[in-house]
Amino acid sequence: MKKEVELKDHIVRQFAEYADIEVCPEPNPFHVCGMSALFPDITVEFGGEVFAIIELKVSPTSMDELKERLKVYFDVFNKAGKNLSFYAVVNGLYYYYDGKKIRSNKESVVLERLSRSIAKTAKSGSEYVKPIENVVTGKKEWGRYAEVLVHHLKTGKNLKRHGRYLFLGRKAEMALMQDLLMLEKNTNALNSFCRFSSTKTVLTSLYNQSFRLYAPEAMNDEYETKVIQDYHALRETPKYISEYANKGYVMCFTEKERMDKLFNWHMYGDQGKGICMNVKRKQDFSNEKDFIAPVVYIKKGKNDKDSLLSFLDGLMSIEIADGLMFTFRLWHYWKYFFKYDFYKEENEIRWLHISPSPKEKTEWSDFTQSVVHYIEKDIDQLPFTITHLTLGPKCSCTKAVVAKLLSEPIKVEKSQIVGYR
């Protein structure tokens, strides 16, 4: 049997679980059936039903060979005395064997199904609200962050449990993160803000009544998405818990106080030749797909125990009770709201749009020297209204010319900066 399953690298990580961990029998059923001898790298957490992922680094030469290999796993799993299932990954496709037939799916399809299943099958975690409160309030350095978390958990209705993880529903998690990110800001910071861009980009968007949001990898900061990994050894939320099936797109703004600043015109307003679009947030705009919050700036190489990242790191690392851990299903999105303080003068605000089935488009980016992905949103789908435009100090367009190009009347003014070089 060892020869039949010789794949060098075997089960490399847990994929998903669908029941409570306390039903796991002792001793480990995989040891009972000799599974650990066959697959020394196995890492599976147990529940009433378990999904595991097997990575086949030595690809089978035919479907028949793949079927024989999967049959071996299937037989051994059944001997474990548990209702266990698994996917085997070959060249980016996920293969599932039910004992008779082999079926394949793309990773995105598998993750989407798992994500939906978890949302439906997750149980209430209300009995763990008090243990979480005891853990976080016991850390003095977490004071204000702990208060925000406890406030969001106080009803207990939003806390969910799946396997060994506790987490909030999507809307509740978004509300919690917005309040945490807003702790350093004035409560009015998200009411009005602005966006600098080239004249061509702004006027084309307004003329077409359509705006672009780009995938985060298209951002112009080389440290984008790396701050968390560099600054903290934060736990990654397991893929089967995370909402990886959805995709996120971002549009960047700055606080309205930066509306006519030299730094912003130079860096983001086409060196003073562009336009600043001033907007006001729609107060009645609320859903589980759109999120607006300020960016939090972190000092590189400095580990502050009372920082928001330290709080999140600690919260995701501490055992709450009964072996349970707290996590964030949308963690892979929140990392886009942390940047190094090299950029703190930007006072950046970001609009994140989460889409389960985006109609993506692509274009070539001269800055990243790669193809980047984006989506388009009609002007009536935006979470804000455009109040007025500010023409850059070196913008060649006049107010009259710009006004004629607009399909809707919008106030146009000129920058107050003179002598821009």
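What you are looking at is a predicted structure, and each value in this text was computed from that prediction instead of being measured.
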Should we count [atom1] of [X] as having more than 12 external heavy atoms under 6.0 Å?
X: Phe263; atom1: CZ; value: yes
X: Lys289; atom1: NZ; value: no
X: Gln283; atom1: CD; value: yes
X: Lys414; atom1: NZ; value: yes
X: Lys377; atom1: NZ; value: yes

How many angstroms lie between [atom1] in [X] and [atom2] in [Y], if you round to the nearest 0.5 Å?
X: Arg144; Y: Asp179; atom1: CZ; atom2: CG; value: 13.0 Å
X: Leu203; Y: Asn208; atom1: CG; atom2: CG; value: 10.5 Å
X: Leu352; Y: Tyr336; atom1: CG; atom2: OH; value: 9.0 Å
X: Lys280; Y: Ser192; atom1: NZ; atom2: OG; value: 6.0 Å
X: Ser124; Y: Leu166; atom1: OG; atom2: CG; value: 10.0 Å
X: Asp290; Y: Gln381; atom1: CG; atom2: CD; value: 9.5 Å

Audit row: Ile292, Arg281, side-chain contact (heavy atoms from CB on, under 4.5 Å) steps and yes/no
CA-CA 9 Å; Ile292 299 176; Arg281 186 178 182 183; 4.1 Å; yes
Side chain to side chain, [X] and [Y], heavy atoms closer than 4.5 Å:
X: Arg161; Y: Leu324; value: yes
X: Cys276; Y: Trp265; value: yes
X: Val135; Y: Tyr128; value: no
X: Ile386; Y: Leu206; value: yes
X: Glu255; Y: Ile349; value: yes
X: Val402; Y: Leu391; value: yes
X: Arg170; Y: Ile354; value: yes
X: Met277; Y: Phe211; value: yes

Please name the pair of heavy atoms, one in [X] and one in [Y], separated by the smallest distance, quoted to 0.1 Å.
X: Ser415; Y: Asp260; value: OG-OD1, 2.7 Å
X: Arg258; Y: Glu346; value: CG-O, 4.3 Å
X: Trp142; Y: Ile318; value: CH2-CD1, 3.6 Å
X: Cys252; Y: Val250; value: SG-CG1, 3.9 Å
X: Glu288; Y: Met174; value: O-SD, 3.7 Å
X: Pro294; Y: Leu190; value: CD-CD2, 4.1 Å

Answer yes if the side chains of Thr199 and Asp270 hold a donor-acceptor pair under 3.5 Å, and no otherwise.
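Judged by distance alone, the side chains do not pair up.
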Aromatic ring centroids of Phe291 and Phe337 under 6.0 Å?
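Centroid separation for Phe291 and Phe337: below 6.0 Å.
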Determine whether a donor-acceptor pair (N or O, by modelled atom type, separation under 3.5 Å) exists between the side chain of [X] and the backbone of [Y].
X: Asp313; Y: Leu309; answer: no
X: Tyr249; Y: His353; answer: no
X: Asn278; Y: His388; answer: yes
X: Glu173; Y: Leu330; answer: yes
X: Lys361; Y: His373; answer: no
X: Gln209; Y: Asp378; answer: no

Does the plane of the ring in Trp331 sit parallel, tilted or perpendicular to the ring in Phe328? Use 30° and 60° as the thresholds.
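Ring orientation of Trp331 relative to Phe328: tilted.
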Angle between ring planes, Phe253 versus Phe193, binned at 30° and 60°: parallel, tilted or perpendicular?
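Rings of Phe253 and Phe193: perpendicular, over 60°.
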Would you please name every residue forming a side-chain contact (heavy atoms from CB on, under 4.5 Å) with Ala175, sequence neighbours left out?
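Scan of Ala175 (side-chain contact (heavy atoms from CB on, under 4.5 Å), adjacent residues dropped) gives His152.
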Partners of Ser197 by side-chain contact (heavy atoms from CB on, under 4.5 Å), sequence neighbours excluded?
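Residues passing side-chain contact (heavy atoms from CB on, under 4.5 Å) with Ser197: Thr201, Val202.
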Evaluate the criterion side-chain contact (heavy atoms from CB on, under 4.5 Å) for residue pair Leu312 and Tyr145; output intermediate values, then yes/no.
CA-CA 9 Å; Leu312 295 173; Tyr145 305 120; over 6 Å; no
Is Lys339 paired with Glu348 through a side-chain N to carboxylate O contact shorter than 4.0 Å?
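Counted as a salt bridge, because a side-chain N and a carboxylate O are separated by less than 4.0 Å.
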Check the pair Leu176 / Leu153 against side-chain contact (heavy atoms from CB on, under 4.5 Å), numbers first and verdict last.
CA-CA 9 Å; Leu176 168 63; Leu153 291 174; over 6 Å; no
Could you go step by step and tell me if Val296 and Trp334 meet the side-chain contact (heavy atoms from CB on, under 4.5 Å) rule?
CA-CA 11 Å; Val296 171; Trp334 306 140; over 6 Å; no
